[in-house]
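Data first, discussion second: the structure below is written as structure tokens.
What you see is a predicted model, and the numbers here were worked out from it, not measured in a lab. Values below: every heavy atom of this structure, side chains too, minus hydrogens, waters and symmetry copies.
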Amino acid sequence: MTDVYLKHPLLSEWQPKIRDCQNLQSLEEIRIHLLGKTGLITIELKTLGQMAPDERKSKGAEINALRDCLSELINIQKDELQKKALELRLQEETIDITLSPRPEKTGRLHLLTQVMSDIQSYFSDLGFQMVEGPEIDDEYHNFDALNIPSHHPARQNHDTFYLKDRPSHLLRTHTSTAQIRTLTKQKPPLRIISIGRVYRSDALDATHTPMFHQLEGLVLEPNINIGHLRGCLTDFCKHFFGSSEIKSRFRPSFFPFTEPSAELDINCSRENGQLKIGTGDNWLEILGCGMVHPTVLKNCGIDPNEFQGFAFGAGVERFTMIKYGLPDIRALYDSDERWLNHYGTRY
Ligand code: PHE
């Protein structure tokens, strides 16, 4: 902007007004007032007609320059105001995604959730990988591949829920399906655990529900033996029940997918109707386990001479009831708020 234009009275009058203008609407009104069809510049231009040619020439150039100058000032201010408006909008419309969607955290973690995450972190510290499988599975994964052929009486023991419209599909009756799903996908050596819902068409009473949770563990490494299994499970029980004194024993048992098979008992006392783990010389049965059956390994394309392994399966609800002294499994599913507040932990 040269001095000559800055000296024009219109410019000295309007330059500060434009700079001070704080909203786009009034700036537009100023623009129309100055540069519009009937604006001040047009009025100025009309005066040219009565001038002598020389004067008209210099005055014309001056008015044109004045118009350009005003128009530039308006544009600069317009940009400025638009920038400010955008900044304001961005500030106002900011969404703080770190805020909790719930203003007050009144929820709690259910006891089963706490137990399952404790089990998971215990085993992950030992290098076990967490795997998941489908709750709707097929007879092959739930039975056949686990060495439970269709004529096998063990199938009847499972009280299976079959799917009406999907032949040979069922709600898995145990998490041992995880053994097959893992072994057919992953090469040993491996250590996995799987925790999830299982379903059995059982009674509904103080110790049974048609849906419950199981923990499945599987270790497949060269030179694994039954001593490792016993040590692994006894250590886990010591951790879970919070007692370093726990004694354990194996009782021979039968599962088609393990050989030999066993039930693990831990010592307890039952004085005055109170169950205490890790003291006394009574025994409490807590889970089923065994060395993975060679047929299961072969079914998954693994050479049983190269890899041995152990597997175990435990009921999460049963473990929870023993640890917290719950007499009735149904309390876990009653959704009684007083119970939930008592056993739930804040997170
Ligand atoms: N799947 C068995 C059950 O549901 C438990 C089990 C798992 C036993 C793994 C041995 C090995 O009863």
Got a sec: does the NZ of K238 have more than 12 other heavy atoms crowding it under 6.0 Å?
yes
Do any N or O atoms from the side chain of D144 and from the backbone of P149 form a donor-acceptor pair under 3.5 angstrom?
no
When the aromatic ring centroids of H293 and F257 are compared, is their separation below 6.0 Å?
no
Charged N to carboxylate O under 4.0 angstrom, E28 versus R31?
yes
Pair F236-F123, ring pair (Phe, Tyr, Trp, His ring centres under 6.0 Å): steps then yes or no
CA-CA 8 Å; F236 167 59; F123 281 102; 5.0 Å; yes
Smallest separation among heavy atoms of R19 and Q77, with atom names
O-NE2, 3.2 Å
Within the 4.5 Å heavy-atom criterion, are P256 and F254 side-chain neighbours or not?
yes
For residues L66 and I43: do they belong to one hydrophobic cluster (side chain heavy atoms under 4.5 Å, members Ile, Leu, Val, Met, Phe, Trp, Tyr)?
yes
Which residue in the set T42, L45, L10 passes side chain to side chain contact (heavy atoms under 4.5 Å, CB included) when paired with I63?
L45
May I ask you to say whether R200 pairs ionically with D159, meaning some side-chain N is under 4.0 Å from a carboxylate O?
no
As a quick check of understanding, evaluate side chain to side chain donor-acceptor pair (under 3.5 Å) for H228 and N223, giving each step before the final call.
CA-CA 10 Å; H228 297 126; N223 305 321; over 6 Å; no
Determine whether the side chains of N147 and H152 contain a donor N or O and an acceptor N or O closer than 3.5 Å.
no
Would you please say whether a donor-acceptor pair under 3.5 Å links the side chains of S253 and S261?
no
Regarding E13 and K17, does a basic nitrogen lie under 4.0 Å from an acidic carboxylate oxygen?
yes
Pairwise side-chain contact, C289 with T258, heavy-atom cut-off 4.5 Å (strictly under):
no
Between R166 and D138, does at least one N-O distance fall below 4.0 Å, as a salt bridge requires?
no
Tell me whether K59 is salt-bridged to E55, with the criterion being a basic N under 4.0 Å from an acidic carboxylate O.
no
Fit a plane to each ring of H110 and Y333, take the angle between them on a 0 to 90° scale, and name the class: parallel (under 30°), tilted (30 to 60°) or perpendicular (over 60°).
parallel
Is R191 paired with E221 through a side-chain N to carboxylate O contact shorter than 4.0 Å?
yes
Should the heavy atoms of other residues, nucleotides or ligands under 6.0 Å from CG of D205 be counted, would the total exceed 12?
yes
I'd like to know if M291 and L287 are part of one continuous hydrophobic network [Ile/Leu/Val/Met/Phe/Trp/Tyr, side-chain heavy atoms within less than 4.5 Å].
yes
Does a sphere of radius 6.0 Å around NZ in K276 hold more than 12 heavy atoms from other residues, nucleotides or ligands, not counting ones at 6.0 Å or beyond?
no
Could you tell me whether D303 atom CG has more than 12 heavy atoms of other residues or ligands within 6.0 Å of it?
yes
Determine, using ring centers only, whether F212 and Y199 are less than 6.0 Å apart.
no
Under 3.5 Å, is there a donor-acceptor pair between the S26 and N23 side chains?
yes
Are H8 and W14 an aromatic pair, judged by ring center distance below 6.0 Å?
no
With clusters defined by side-chain heavy atoms of hydrophobic residues (ILVMFWY) lying less than 4.5 Å apart, directly or transitively, does I322 cluster with W283?
no
Looking at L229 and A311, what are the two nearest heavy atoms and their distance?
CD1-O, 4.2 Å
Below 4.5 Å, heavy atoms only, C-beta onward: do Q308 and N225 meet side chain to side chain?
no
Would you please indicate yes or no on a ring centroid separation below 6.0 angstrom for F319 and F241?
yes
Given the rule in the side chain to side chain donor-acceptor pair (under 3.5 Å) test, do R330 and T209 qualify, once you have shown the distances and angles that lead to the verdict?
CA-CA 7 Å; R330 289 167 294 193; T209 42; over 6 Å; no
Between T160 and F143, which heavy-atom pair has the shortest distance, and what is it?
OG1-CZ, 3.5 Å
Could R251 and E285 be called an ion pair, given the rule that one side-chain N must be under 4.0 Å from one carboxylate O?
yes
When hydrophobic residues are tied together by side-chain contacts of less than 4.5 Å, even through go-betweens, does L40 share a cluster with I30?
yes
If you compare all heavy atoms of P304 against all heavy atoms of L297, which two are closest, and at what distance to 0.1 Å?
CA-CD1, 3.9 Å
Tell me whether H169 contacts the main-chain N or O of P167 through its side chain, where contact means a donor paired with an acceptor under 3.5 Å.
yes
Please say yes or no: joined through hydrophobic side-chain contacts below 4.5 Å, possibly via intermediate residues, are I32 and L35 part of one cluster?
no
Side chain K323, main chain F240, donor-acceptor under 3.5 Å:
yes
Do E216 and S194 pair up side chain to side chain, a donor and an acceptor below 3.5 Å, judged on atom types alone?
no
